[in-house]
Amino acid sequence: MKTSSRRDFFKRAALMGASALVAPGLLATEERENILSSPATKNGPDANRFIIPKDNGLKITGTFLDEISHDIPHQNWGEKEWEQDFRHMKSIGIDTVIMIRSGYRKFMTYPSKYLLGKGCYMPSIDLVDMYLRLAEKYQMKFYFGLYDSGKYWDTGDLSCEVEDNKYVIDEVWNLYGEKYKSFGGWYISGEISRKTKGAIDAFRAMGKQCKDVSGGLPTFISPWIDGKKAVMGTDKLTKEDAVSVQEHEREWNEIFDGIHEVVDACAFQDGHIDYDELDAFFTVNKKLADKYGMKCWTNAETFDRDMPINFLPIKFDKLRMKLEAAKRAGYDKAITFEFSHFMSPQSAYLQAGHLYDRYKEYFNIK
């Protein structure tokens with residue numbers, strides 16, 4: 001290399017090095033100007049240009065509160081964080097909160113004398129009282145989820161859950177029912193998908209007691225559809241022996257026939273079937289609910305069952321398609337499992353806050 005060439009090379013290198021030290025701010029300014037003048041932003045502040053009709057789904061107006069978190073990481077919130085979450089919920093129109101269960105095996109949410117006597121662990125704070133106070137403050141209805149001993153999951157027999165809940169239902173109503181106007185109903189927390197052993201009798205017994213003790217407050221269940229994604233406990237994302245629409249209708253006609261007098265609403269979980277199956281199953285669910293005078297809700301899951309990792313916030317388009325199908329079917333209400341982990345701006349999952357933003361944009365919520 002010639003001397004002059006080397007001199008030119010070093011001169012250029014020195015200039016480049018200097019520019020690297022002084023230019024980032026200038027470059028950032030130039031980059032911002034380019035972004036602001038791009039087609040996506042120069043015509044307005046909304047950078048997300050939807051190419052489908054907006055506000056075309058059923059809005060989520062209820063959420064479960066997953067306080068036990070036996071299969072989802074606990075966020076370890078105190079009342080300050082929970083109150084902030086109630087504000088976020090309120091801002092998008094949520095008017096109903098449902099504690100998914102008051103206890104699971106030995107962990108519980110309130111200082112139950114009965115459950116302590118059964119060997120359960122004392123909680124550090126009374127979550128039931130906190131939720132009821134926050135629900136009252138933010139003008140929401142609180143649904144109390146019954147106790148889950150875990151025996152049903154071990155045996156497949158739902159009747160195992162009736163005995164403990166005989167005491168829990170009475171105890172909770174005496175502690176909180178008449179104290180708080182926000183106590184709005186009951187969630188019968190046993191999750192089934194098909195003709196489960198003891199399900200009809202168990203739902204009927206627990207539903208009747210809930211209504212009798214509370215002067216007829218509403219009750220609801222949230223079963224799952226035994227579809228191709230009902231693969232929990234396996235290493236697969238889909239299964240071959242999924243229930244058909246016809247089988248689903250036949251089996252749930254029998255179940256609704258046995259429980260409709262004491263169960264007011266059914267919120268089927270929507271994540272176990274594929275997106276092109278939503279309309280067929282949702283139509284059957286609404287038809288059966290109407291037949292038996294029950295409310296037809298959807299449990300619009302905000303976590304993604306298509307992922308090999310359990311459990312991450314769902315892709316927005318998947319949630320959108322499910323809410324649009326619920327609206328087409330004429331459903332009465334959409335609740336979700338669940339806002340705090342999978343949709344909240346303060347969730348431990350960064351993606352949850354982005355889902356919240358996309359949801360607000362789609363429904364034109366400011």
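Residues take their numbers from the sequence shown, with the count starting at 1.
- With sequence neighbours left out, Asp276 forms a side-chain hydrogen bond (donor to acceptor under 3.5 Å, both in side chains) with no residue at all.
- Without hydrogens or angle criteria, Lys211 side chain to Gly216 main chain gives a donor-acceptor distance under 3.5 Å.
- When side chains are defined from C-beta on, Met108 does not count as touching Ser102, because their heavy atoms never get closer than 4.5 Å.
- Across all non-hydrogen atoms, the minimal contact from Glu301 to Lys322 is O-NZ, 2.8 Å.
- Of the candidates Tyr176, Tyr110, Tyr131, Tyr176 is the only one forming a side chain to side chain donor-acceptor pair (under 3.5 Å) with Asp126.
- More than 12 heavy-atom neighbours from other residues, nucleotides or ligands sit within 6.0 angstrom of NZ on Lys327.
- In this structure Gln75 satisfies the side-chain hydrogen bond (donor to acceptor under 3.5 Å, both in side chains) test with no other residue, sequence neighbours excluded.
- Considering only heavy atoms from C-beta on, Leu65 comes within 4.5 Å of Trp82 through its side chain.
- Using a 4.5 Å heavy-atom cutoff, the side chains of Tyr362 and Leu319 are not in contact.
- In the displayed structure, Lys181 atom NZ is contacted under 6.0 Å by at most 12 heavy atoms of other residues, nucleotides or ligands.
- Counted within 6.0 Å of OH on Tyr180, heavy atoms from surrounding residues, nucleotides or ligands total more than 12; the atom is thus considered enclosed.
- Atom OH of Tyr147 is separated from atom CD of Glu171 by 12.0 Å, given to the nearest 0.5 angstrom.
- In the hydrophobic clustering of this structure, Phe342 groups with Ile309; members are Ile, Leu, Val, Met, Phe, Trp, Tyr whose side-chain heavy atoms approach within less than 4.5 Å, directly or through other members.
- The ring-ring contact (aromatic ring centres under 6.0 Å, His included) test applied to Phe282 returns Tyr331, not counting sequence neighbours.
- Atom NZ of Lys106 is surrounded by 12 or fewer heavy atoms from other residues, nucleotides or ligands within 6.0 Å.
- Closest of all the heavy-atom pairs between Cys210 and Ile169 is SG-CD1, 3.7 Å.
- Qualifying ring-ring contact (aromatic ring centres under 6.0 Å, His included) partners for Phe107, counting only residues two or more places apart in sequence or in other chains: Tyr121.
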Please walk me through it: do Ile92 and Met343 pass side chain to side chain contact (heavy atoms under 4.5 Å, CB included)?
CA-CA 11 Å; Ile92 63 167; Met343 207 173 169; 4.2 Å; yes
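- The cluster map of Ile, Leu, Val, Met, Phe, Trp and Tyr, joined by side-chain heavy atoms under 4.5 Å apart, puts Leu350 and Phe303 in different clusters.
- Counting only heavy atoms from C-beta outward, the side chains of Tyr114 and Asp170 never approach each other to under 4.5 Å.
- In terms of heavy-atom proximity, Ser222 sits nearest to Asn299 at OG-ND2, 3.1 Å.
- Around atom CD of Glu81, more than 12 heavy atoms belonging to other residues, nucleotides or ligands sit under 6.0 Å away.
- The side-chain heavy atoms of Leu132 and Lys179, taken from C-beta on, include no pair separated by under 4.5 Å.
- Checking side-chain atoms of Glu161 against main-chain N and O of Ser149 turns up a donor-acceptor pair under 3.5 Å.
- Side-chain contact between Glu254 and Arg250 is absent, with no heavy atoms from C-beta onward closer than 4.5 Å.
- More than 12 non-hydrogen atoms from other residues, nucleotides or ligands lie less than 6.0 angstrom from NZ of Lys286.
- A donor-acceptor distance shorter than 3.5 angstrom exists from the side chain of Thr283 to the backbone of Asp279, with no hydrogens or angles considered.
- If you run side chain to side chain donor-acceptor pair (under 3.5 Å) between His248 and each of Asp226, Asn285, Asn253, only Asn285 comes through.
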Kindly determine whether Ser189 and Asp148 satisfy side-chain hydrogen bond (donor to acceptor under 3.5 Å, both in side chains), including the steps that lead there.
CA-CA 7 Å; Ser189 59; Asp148 184 345; 5.3 Å; no
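- Taking the charged nitrogens against the carboxylate oxygens, Glu136 and Arg133 have no contact shorter than 4.0 Å, which rules out a salt bridge.
- Between the side chain of Gln346 and the backbone N or O of Gln84, no donor-acceptor pair lies under 3.5 Å.
- Side-chain contact check for Met206 versus Thr219: every heavy-atom pair is 4.5 Å or farther apart.
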Going through the distances and angles, do Lys166 and Glu163 end up as a salt bridge (charged side-chain N to carboxylate O under 4.0 Å, His left out)?
CA-CA 5 Å; Lys166 282 181 183 177; Glu163 189 63 26; 3.3 Å; yes
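- For Asp274 (side chain) and Lys228 (main-chain N/O), no donor-acceptor pair under 3.5 Å exists by modelled atom type.
- Not one N or O on the side chain of Thr61 forms a donor-acceptor pair closer than 3.5 Å with the backbone of Asp95.
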So Arg204 and Asp201, salt bridge (charged side-chain N to carboxylate O under 4.0 Å, His left out) or not? Walk me through it.
CA-CA 5 Å; Arg204 192 161 51 216; Asp201 291 340; 2.7 Å; yes
Dump the intermediate steps for salt bridge (charged side-chain N to carboxylate O under 4.0 Å, His left out) on Asp317 and Arg320, then the final yes or no.
CA-CA 5 Å; Asp317 273 331; Arg320 174 184 62 80; 3.0 Å; yes
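- Between His260 and Tyr292, the ring planes lie tilted relative to each other; the angle falls in the 30° to 60° range.
- One N or O on the side chain of Thr196 and one on the backbone of Arg194 form a donor-acceptor pair closer than 3.5 Å.
- Counting only distance, with no hydrogens or angles, the side chain of Thr63 and the backbone of Phe339 share a donor-acceptor pair below 3.5 Å.
- Note: Phe183 and Trp173 meet the aromatic proximity criterion, with ring centroids under 6.0 Å apart.
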Does the side chain to side chain contact (heavy atoms under 4.5 Å, CB included) test come out yes or no for Lys318 and Asp306, once each step is laid out?
CA-CA 10 Å; Lys318 295 177 180 179; Asp306 304 328; 2.8 Å; yes
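- The heavy-atom pair separating Ala326 from Thr298 by the smallest distance is CB-CG2, 3.9 Å.
- Between Tyr138 and Phe86, the two ring planes are tilted [angle within 30° to 60°].
- When all heavy atoms are compared, the tightest approach of Asp164 to Lys118 is OD1-CE, 3.4 Å.
- Put simply, the side chain of Ser244 gets close to the backbone of Glu247: a donor and an acceptor are under 3.5 Å apart.
- In this structure, Phe220 has its ring center closer than 6.0 angstrom to the ring center of Tyr143.
- Of the possible polar contacts, one joining the Tyr359 side chain to the Ile60 backbone as a donor-acceptor pair under 3.5 Å is found.
- A search for side-chain contact (heavy atoms from CB on, under 4.5 Å) contacts involving Pro223 returns Ile192, Ile221, Trp252, Cys266, Phe268, not counting sequence neighbours.
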Assess the residue pair Thr302 and Tyr356 against the criterion (side-chain hydrogen bond (donor to acceptor under 3.5 Å, both in side chains)); give the C-alpha distance rounded to whole Å, side-chain angles, the decisive distance to 0.1 Å, and a yes or no.
CA-CA 10 Å; Thr302 35; Tyr356 178 82; over 6 Å; no
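- Partners of Asp332 according to the salt bridge (Lys or Arg N to Asp or Glu O under 4.0 Å) rule, which considers only residues two or more places apart in sequence or in another chain, do not exist here.
- For the pair Pro123 and Pro111, the tightest heavy-atom approach, listed with the atom from each and the gap, is CG-N, 4.1 Å.
- Under the 4.5 Å side-chain criterion, counting only non-hydrogen atoms from C-beta, Arg105 is in contact with Asp154.
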